[in-house]
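For reference, the structure is listed below as structure tokens.
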Amino acid sequence: IYSMGCVFFYCFTRMTPFSGTGFTVAAAHLSEPPPMIRSMVPQLPAAFEAIITRCLEKDPGNRPDDASHLGEEIYRALEPIFDLPMVSL
């Protein structure tokens, strides 16, 4: 889930959440909060920023439980935009 948060971050900003080299980047992933995405991409919906921020939480217990739950969160964030009913599989 954390890695997916990094991918989302890159997709929307074209930057990695943390920059530097080797140990500096590794230490930042372990201890620093990521930059606020909407400060770089103000048009990003707040719901997506919240999802990405949750994915990048340091404590795994504060992240979505799994990819299925993450998908549901993303769907709920998109639903108002597309006005689509959720389909059960």
Where Met4 and Leu70 come nearest, the two heavy atoms and their spacing: CG-CD2, 3.9 Å
Nearest heavy atoms of Arg54 and Asn62, plus distance in Å: NE-O, 3.5 Å
Sub-4.5 Å side-chain heavy-atom contact between Pro35 and Phe9: yes
Common cluster, Ile52/Met40, ILVMFWY with side-chain heavy-atom separation under 4.5 Å: yes
Approximate separation, where rounding is to 0.5 Å, of Phe12 CZ and Arg38 CZ: 12.0 Å
Reported CD-to-CD1 distance for the pair Glu57 and Ile1, which is rounded to 0.5 angstrom: 13.0 Å
Distance, nearest 0.5 Å, that separates CD of Glu72 from CD1 of Ile51: 11.5 Å
Same apolar cluster: Val41 and Leu56, side chain cutoff 4.5 Å: yes
Distance-minimising heavy-atom pair for Cys55 and Gly5: CB-CA, 3.5 Å
Partners meeting ring pair (Phe, Tyr, Trp, His ring centres under 6.0 Å) with Phe18 (sequence neighbours left out): His29
Minimum heavy-atom distance Arg63-Lys58, with the two atoms named: NH2-O, 3.2 Å
Within 6.0 Å of OH in Tyr2, more than 12 heavy atoms from elsewhere: yes
Between CG on residue Leu78 and CZ on residue Phe48, distance to nearest 0.5 Å: 4.0 Å
